[in-house]
Protein chains: 2
Amino acid sequence: MSTAHGARARARIEVTAAIKDEARRQLAAQGAARLSLRAVARELGMVSSALYRYFPSRDDLLTALIIDAYDSLGERAEAAHESAATDPFRRWIAVCEAVRGWALDHPHEYALIYGSPVPGYTAPDTTVPSAARVGLLLLGIARDAHHGSGLAGPALPSELRPEAERMAADLAPDLPPEVVSALVAAWAQLYGLVGFELFGQFHRVVEDRARFFRHAVGQLARGVGLVPGSAEDAAPGGGVLPGE
Amino acid sequence: MSTAHGARARARIEVTAAIKDEARRQLAAQGAARLSLRAVARELGMVSSALYRYFPSRDDLLTALIIDAYDSLGERAEAAHESAATDPFRRWIAVCEAVRGWALDHPHEYALIYGSPVPGYTAPDTTVPSAARVGLLLLGIARDAHHGSGLAGPALPSELRPEAERMAADLAPDLPPEVVSALVAAWAQLYGLVGFELFGQFHRVVEDRARFFRHAVGQLARGVGLVPGSAEDAAPGGGVLPGE
DNA sequence: ACACAAACGAGAGCACCGCTCTTGCTATGC
DNA sequence: GCATAGCAAGAGCGGTGCTCTCGTTTGTGT
């Protein structure tokens with residue numbers, strides 16, 4: 001069913017990809033607000049109206065780029081997660097640094113997905129699965145650590161307990177509510193650190209940003225109960241969890 | 001020297017203010033990218049070219065709005081700081097909640113200053129003093145607490161020590177480097193929390209956002225060594241610091 | 001008091017934008 | 001073999017930021 005319909009369908013796929021590629025080029029070069037359908041069409045040797053056969057509007061093209069950006073970030077984070085040591089703390093650091101690295105490599109795409117949303121535009125639900133990948137990764141690290149050596153977040157004030165329990169039930173019923181709550185906060189705070197660096201807020205404030213970031217996300221990890229050199233890592237070479 | 005030059009100068013000030021007011025209205029209604037010089041001029045009953053007598057370009061108008069936004073946020077944070085209890089921990093919470101409140105009240109202006117910068121546009125140094133106000137406020141709280149009951153941040157890894165000492169020398173030589181480092185991180189993380197809420201990343205994740213935020217910034221405070229109910233607050237009615 | 005220069009508002013115009021509609025052409029499916 | 005659906009192209013609409021020119025108004029120095 002995929003390539004069944006011959007030349008026409010294949011051409012459509014190719015043209016669609018070419019449009020997205022050129023759009024991504026312009027996005028990377030000048031940012032989202034300067035992405036112009038007409039310029040994309042011009043560069044591709046077509047007339048602007050022809051482009052509307054493939055994307056019904058500029059916003060739809062942007063949405064496609066947003067999903068691609070989330071996936072690109074997600075893949076990089078997942079790759080970092082897999083090639084890191086099994087120690088949850090180190091994996092946490094690796095994932096966070098992958099996020100930062102991707103953001104520095106693709107500033108305009110990062111701005112597109114984590115900066116101010118394009119005005120008057122709200123991302124459709126299509127983006128949700130791609131957008132969730134990094135969050136799920138962090139959640140998975142916490143889960144591994146919890147099932148390994150146990151995890152204890154900071155004490156939960158009684159006024160937040162219902163909300164924390166609700167979040168835990170939604171996101172990770174096998175984790176303590178205080179860990180889930182701390183995790184969500186750390187998730188947001190991670191993007192605060194990345195955003196401030198990327199958008200120039202650290203200008204003349206933080207210079208050695210890589211080291212600063214590494215330390216800050218390490219503290220973030222501690223906030224959810226992760227500590228360096230936990231049980232799993234003490235057993236060298238082992239991929240299998242001792243406990244459980 | 002200010003109003004000395006009579007009617008013309010006064011008219012200029014009034015027109016400039018009217019332009020900014022109308023621009024702010026459009027900004028609040030539709031966001032920065034949809035702010036149109038022509039629409040502002042139209043609403044003011046002038047022709048678009050006349051507007052260039054007051055702002056040399058759209059970016060310059062945006063810059064003026066950015067500075068105003070920073071100042072508006074700064075004023076609100078400072079007001080919250082002053083009307084809060086003297087206990088540094090409570091002051092910290094109050095300032096953070098003021099930032100969140102302002103952001104929720106002025107989402108597009110928040111996006112303008114802390115979201116992705118307008119593409120191809122970098123804020124001039126004119127904005128720096130206004131932009132620094134909230135940061136300085138948080139710094140002041142930490143300083144008060146430190147001079148009161150002392151403050152101890154988390155241990156600093158040796159690789160970050162030079163950078164932390166440099167930051168401390170620049171920002172607050174009277175504070176321990178680990179506190180300054182934690183403070184800068186908390187500052188960025190605060191905006192991560194606000195941004196995620198404002199830009200919809202907490203959609204279907206965090207529901208009771210006010211309580212969640214309050215707890216999260218409380219944890220942020222602990223990260224720089226602030227704890228609830230510290231020394232100054234234990235002595236009732238006292239504005240004078242006991243130690244030092 | 002008068003002249004000169006600076007500031008100003010209005011208008012026309014340039015190049016660009018997103019998007020729509022119509023017009024022919026061509027490949028696909030019955 | 002032919003109707004149909006997908007396609008590229010062009011013209012055009014209303015909008016944008018910005019520039020330039022043109023009279024007019026206003027403030028100032030002599």
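Only heavy atoms go into these numbers, but all of them, side chains included; no hydrogens, no water, no symmetry mates.
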Identify whether any heavy atom of S48(B) sits under 4.0 Å from a base atom; if not, whether one sits that close to sugar-phosphate; answer base, sugar-phosphate or nothing. base
Ring centroid separation Y191(B) to Y191(A) under 6.0 Å: no
Between the base of dG9(C) and the side chain of R53(B), is there any donor-acceptor pair under 3.5 Å? yes
What integer distance in Å separates Y52(A):OH from dG10(D):C1'? 15 Å
If we count only N and O atoms by modelled type, under 3.5 Å, do the side chains of T63(A) and D60(A) hold a donor and an acceptor together? no
Between R8(B) and dA5(C), does any side-chain N or O lie under 4.0 Å from OP1 or OP2? no
Using a strict heavy-atom distance below 4.0 Å, which residues from residues 14-27 of chain B are in contact with DNA chain D? none
Whole angstroms only, please: what is the CZ-P distance between R12(A) and dT28(C)? 14 Å
Base dG15(D) to side chain R38(B), donor-acceptor N/O within 3.5 Å cut-off: no
Is any side-chain nitrogen or oxygen of Y54(B) closer than 4.0 Å to OP1 or OP2 of dG9(C)? yes
Got a sec: does the CZ of R133(B) have more than 12 other heavy atoms crowding it under 6.0 Å? yes
With respect to the phosphate group of dG18(C), does any side-chain polar atom (N or O) of R58(A) fall under 4.0 Å of OP1 or OP2? yes
Within the pair R10(B) and dT26(D), is there a side-chain N or O less than 4.0 Å away from OP1 or OP2? no
In whole angstroms, how far is the P atom of dC16(C) from the CG atom of L35(A)? 16 Å
How many whole angstroms separate atom CG of L61(B) from atom C1' of dG17(D)? 12 Å
